[in-house]
Amino acid sequence: MNIRDMYKTKKHLFSFEIFPPKVATAFEKVSGVVDELTILSPDFISVTYGAGGSVKDNRTVELCKIVKNSNRSEPMAHLTCVGSSRQEISELLDQLEAIGVTNVLALRGDKNPNVTKEGDFRYASQLTEYIKTVKPHFNVMGACYPAGHCESASQKDDIINLKRKVDAGASGLITQMFFDNEEFYRFRDLAQVAGIEVPIEVGIMPITNSRQIERVISLSSATMPARLSKLLSRYGQNDKAMFDAGVAYATEQIIELLSADVDGVHLYTMNNPLVAKKISDGIGGLLGETR
Ligand code: FAD
């Protein structure tokens with residue numbers, strides 16, 4: 001099903017992000033993760049893609065196929081364009097279409113020092129435009145950054161560029177993780193003023209162990225609220241306590257966002273079904289509203 005149509009009927013979507021295994025032999029384990037996640041009835045599950053990945057050994061396509069074959073959720077394939085040619089992207093789109101996947105998150109990807117080849121695309125908006133030209137029936141979504149993208153000179157510039165992505169055909173946006181809801185509300189207001197009217201789903205990363213923090217800091221410029229820092233310094237060395245504190249923090253964050261009428265919640269599951277289940281149990285009653 002086209003994810004764009006889901007936003008038309010449901011007030012809030014609930015979706016998950018998962019990543020493919022690093023080695024092909026670990027697919028069995030990830031299949032188990034998909035089983036446990038799809039029982040929670042997410043509207044869709046997005047599958048990440050390694051920037052500069054190979055068309056021939058594409059684990060994103062493989063994992064999307066597992067989600068599709070579960071018949072319990074819709075897969076959305078992430079697709080990065082940095083270092084890729086039009087021909088390579090076109091082959092990937094064909095592979096996705098062949099397994100019935102037509103929802104794509106179009107991304108530029110981070111520049112990888114190991115990938116030196118020049119690609120045909122500079123920005124995600126160009127990839128979006130290309131996909132909508134060669135596969136007009138595909139639903140394309142894009143990424144956005146409540147704290148501004150790290151390469152942008154200002155948030156204003158970033159939002160001007162985001163509008164270009166929407167004008168190129170992105171039917172919805174998913175945010176980078178953030179921990180302070182006020183940061184998201186400010187961004188949502190600015191996007192609205194800029195004329196961005198597509199649904200914006202909030203990306204939430206539950207911090208359930210202190211090791212995640214380094215990754216979070218490297219990935220986003222998100223503000224770390226004092227309340228979350230306190231939980232980390234108090235419970236960071238105790239895995240069980242940090243798990244409970246991190247799930248509780250993310251659940252409260254989501255409940256507040258839902259009450260502020262966000263279009264959807266996209267959970268960065270880190271392939272951990274237990275985290276997804278705890279959060280799903282905590283917010284299940286809030287998700288049933290229709291438009
Ligand atoms: P773009 O939209 O192209 O923006 C990149 C920068 O260029 C921004 O600073 C923007 O303001 C600027 N810009 C855009 N257009 C123009 C223009 N016309 N002129 C001048 N400047 C411009 N990475 C992966 O490798 N794999 C994944 O699976 C993945 N999934 C992600 C999922 C989500 C929800 C998010 C938020 C990020 C994800 N990323 C992933 C990370 C993403 O690839 C990086 O953040 C990357 O640096 C930017 O990608 P983008 O698609 O937002 O780029």
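Atoms within a ligand are numbered from 1 in the order they appear, just like the ligands themselves.
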Check whether the ring centres of His266 and Phe14 lie less than 6.0 Å apart, and answer yes or no. no

At a 4.0 Å threshold, what atoms of ligand 1 neighbour a non-hydrogen atom of Arg164? 17 (C), 18 (N), 19 (N)

Crowded around Glu151 CD? As in, over 12 foreign heavy atoms under 6.0 Å? yes

At a 4.0 Å threshold, what atoms of ligand 1 neighbour a non-hydrogen atom of Gly109? 43 (O), 46 (C), 47 (O), 49 (O)

Enumerate the atoms of ligand 1 whose separation from the nearest heavy atom of Thr48 is less than 4.0 angstrom. 28 (O)

Is there at least one pair of N or O atoms, one from Leu107 and one from ligand 1, spaced under 3.5 Å apart? no

When you measure from the heavy atoms of Phe19 to every atom of ligand 1, does any distance fall below 4.0 Å? no

If you define the side chain from C-beta out and look only at heavy atoms, does anything of Glu36 sit under 4.5 Å from Lys277? no

Taking Gly148's backbone N and O only, do any of them form a donor-acceptor pair with Ser152's side chain (distance below 3.5 Å, no angle check)? no

Heavy-atom count check: over 12 atoms from other residues, nucleotides or ligands less than 6.0 Å from Gln237 CD? no

Out of Thr128, Asn161, Ile159, who is nearest to atom 22 (C) of ligand 1 when you count heavy atoms only? Asn161

Ignoring hydrogens and angles, state whether a donor on the side chain of Gln253 or Asn181 is under 3.5 Å from an acceptor on the partner side chain. yes

Counting both backbone and side chain atoms, is some N or O of His78 under 3.5 Å from an N or O of ligand 1? yes

Candidate with minimal heavy-atom separation from atom 9 (O) of ligand 1, of Glu17, Arg122, His149: His149

Using atom types as modelled and distance alone, determine if a side-chain donor or acceptor of Lys68 lies under 3.5 Å from a backbone N or O of Gly100. yes

Against heavy atoms of Gln176, which atoms of ligand 1 measure under 4.0 Å? 36 (C)

Can you list the atoms of ligand 1 that are under 4.0 Å from a heavy atom of Asp158? 8 (C), 9 (O), 10 (C), 11 (O)

Can you confirm, on distance only, whether ligand 1 has an N/O atom lying under 3.5 Å from any N/O atom belonging to Tyr268? no

Closer than 4.0 Å to some heavy atom of Leu105 - which atoms of ligand 1 meet that? 32 (C)

Can you check whether Pro20's main-chain N or O pairs, donor with acceptor, with Arg59's side chain at less than 3.5 Å? no

As a check for students: among Tyr123, Phe121, Tyr49, identify the option with a heavy atom nearest to atom 7 (O) of ligand 1. Tyr123

Ligand 1 to Ser125 polar contact by distance, N or O atoms, under 3.5 Å: no

Give a yes or no on whether the backbone of Asn209 and the side-chain of Gln212 come within a donor-acceptor separation of less than 3.5 Å. yes

Taking heavy atoms and a distance under 4.0 Å, where does His266 meet ligand 1: side chain, backbone, both or neither? neither

Side chains of Arg4 and Ser171: do they bring a donor and an acceptor to under 3.5 Å? no

Could you list the atoms of ligand 1 found under 4.0 angstrom from a heavy atom of Ala143? 35 (C), 36 (C), 52 (O)

Below 30° counts as parallel, above 60° as perpendicular, anything between as tilted: where do the rings of Phe184 and Phe187 land? tilted

Between Glu151 and ligand 1, is there a nitrogen or oxygen pair with a distance under 3.5 Å? no

Closest to atom 2 (O) of ligand 1 among Lys163, Lys165, Met177 (heavy-atom distance): Lys165

N/O separation below 3.5 Å, Thr80 to ligand 1: no

Between His149 and Gln176: side-chain donor-acceptor atoms closer than 3.5 Å: no

